[in-house]
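Since the structure comes first, as structure tokens, the remarks are kept for the end.
Reminder, nothing fancy here: chain letters follow the sequence lines and each chain counts from 1.
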Amino acid sequence: MTNRLKLVTWNINSVRLRMPIVERLLAEVQPDVLCLQETKCPDANFPEKAFKAAGYDHIAINGQKGYHGVATVSRLPLSNVEKREFCQMGDSRHIAVDVELAGQAVRIHNFYVPAGGDEPDPEKNDKFDHKLKFMNEMKDWLTGPETAKPAVLVGDLNVAPYEHDVWSHKQLLKVVSHTPIETELFEAVRESGNWLDAMRQFTPMEEKLYTWWSYRAKDWSKADKGRRLDHVWVSDPLKSAIKSTEVLRDARGWEKPSDHAPVVADFEM
DNA sequence: ATGGCGTATGGAATACGA
């Protein structure tokens with residue numbers, strides 16, 4: 001029986017293209033569970049063999065052709081796999097599993113929230129409307145019984161909620177991911193389930209904290225115009241178990257990188 | 001200079017990301 005759990009969440013931006021750095025992460029960080037988003041891979045083409053060769057025998061996938069897609073791979077057995085559809089769009093944006101930690105089931109939700117397009121107006125922009133509707137469904141679902149159990153919610157939530165989750169609060173107030181309509185709804189989702197923003201437990205609110213840097217910057221690290229779009233939330237019954245979180249910024253500079261960095265969360269019961 | 005790039009699809013040019 002294990003009483004420790006190391007979990008990584010990572011928007012991989014094509015799992016097939018990125019297997020070399022996924023394997024590097026698994027070897028160097030050795031997580032128990034890896035939650036991936038934007039796999040961009042139909043289930044039939046998911047690189048299961050490579051994960052199994054790396055010791056990750058337990059694989060739960062919810063993929064589709066070309067876009068979106070989430071996967072949770074694990075060294076520990078996974079049970080009660082659930083793939084929830086939001087907004088009746090047929091999109092692959094969620095998968096949940098249970099792992100056993102210290103004899104208890106821990107629910108792990110893996111999300112890829114819609115990006116929302118460019119124009120932050122639901123009247124003019126269907127993608128932004130979809131994003132808001134998606135978050136409203138999350139708010140209605142991720143409360144009560146869903147959060148009464150030990151649970152972790154991770155993924156690319158595509159919202160940078162706080163001032164120091166973006167490189168310039170003032171310049172991003174009208175940019176999708178940091179508009180007040182999104183950040184307020186995001187907080188309402190989190191609070192409706194009494195979820196803990198674990199990353200901000202370990203990094204003070206006044207300190208800049210990013211998980212994503214655009215591909216377009218000439219020198220992403222020097223410009224450092226990042227946003228915290230990836231998150232680790234912990235339900236109330238699991239709050240005492242979260243011991244640390246860390247953004248693996250270095251991975252943003254690896255060979256053929258994703259534009260998101262992995263986030264590690266360590267639990268001990 | 002928050003898009004200057006990158007990915008999937010399909011086999012060139014377009015959609016999408018955030």
Classify the nucleic acid contact of A/K256 as base, sugar-phosphate or nothing, counting any heavy atom under 4.0 Å across all strands shown.
sugar-phosphate
Starting at atom CD1 of A/I12, determine the distance to atom P of B/dT7, rounded to an integer number of angstrom.
11 Å
If I pick the C1' atom on B/dT7 and the same atom on B/dG11, what distance separates them, to the nearest angstrom?
16 Å
Regarding A/D165 and A/R200, does a basic nitrogen lie under 4.0 Å from an acidic carboxylate oxygen?
yes
Check the distance between B/dC5's C1' and A/D219's CG and give it to me in whole angstrom.
14 Å
If I take atom CG in residue A/L172 and atom P in nucleotide B/dA1, what distance separates them, rounded to the nearest angstrom?
14 Å
Taking all non-hydrogen atoms of both residues into account, name the closest pair between A/T211 and A/L229 and its distance.
OG1-N, 3.1 Å
Do A/Y112 and A/F86 have ring centres separated by under 6.0 Å?
no
Between A/F186 and A/W233, ring centroids under 6.0 Å
yes
For the P atoms, the ones on B/dA1 and on B/dA13, what distance do you get once it is rounded to whole angstrom?
31 Å
Using atom P in both nucleotides, what's the gap between B/dG10 and B/dA15 to the nearest angstrom?
14 Å
Regarding A/W220, tell me which of base, sugar-phosphate or nothing describes its non-hydrogen contacts under 4.0 Å with the strands shown.
nothing
Could you write nucleotides 8-18 of chain B as a row of B, S and -, 5' to 3', where a protein heavy atom under 4.0 Å of any base atom gives B, of only sugar-phosphate atoms gives S, and otherwise -?
SSS-----SBB
Going by atom type alone, with no hydrogens or angles, which donor-acceptor pairs under 3.5 Å involve a side-chain atom of residues 15-26 of chain A and a protein atom two or more places apart or on another chain?
| unit_1 | atom_1 | unit_2 | atom_2 | d |
| --- | --- | --- | --- | --- |
| A/R16 | NH2 | A/K40 | O | 3.1 |
| A/R18 | NE | A/I12 | O | 2.9 |
| A/R18 | NE | A/N13 | O | 3.4 |
| A/R18 | NH1 | A/K256 | O | 2.9 |
| A/R18 | NH1 | A/P257 | O | 3.3 |
| A/R18 | NH2 | A/N13 | O | 2.8 |
| A/R18 | NH2 | A/Y215 | OH | 3.4 |
| A/R24 | NE | A/E28 | OE2 | 2.9 |

Whether A/W254 and A/W10 hold their rings parallel, tilted or perpendicular, with breakpoints at 30° and 60°
perpendicular
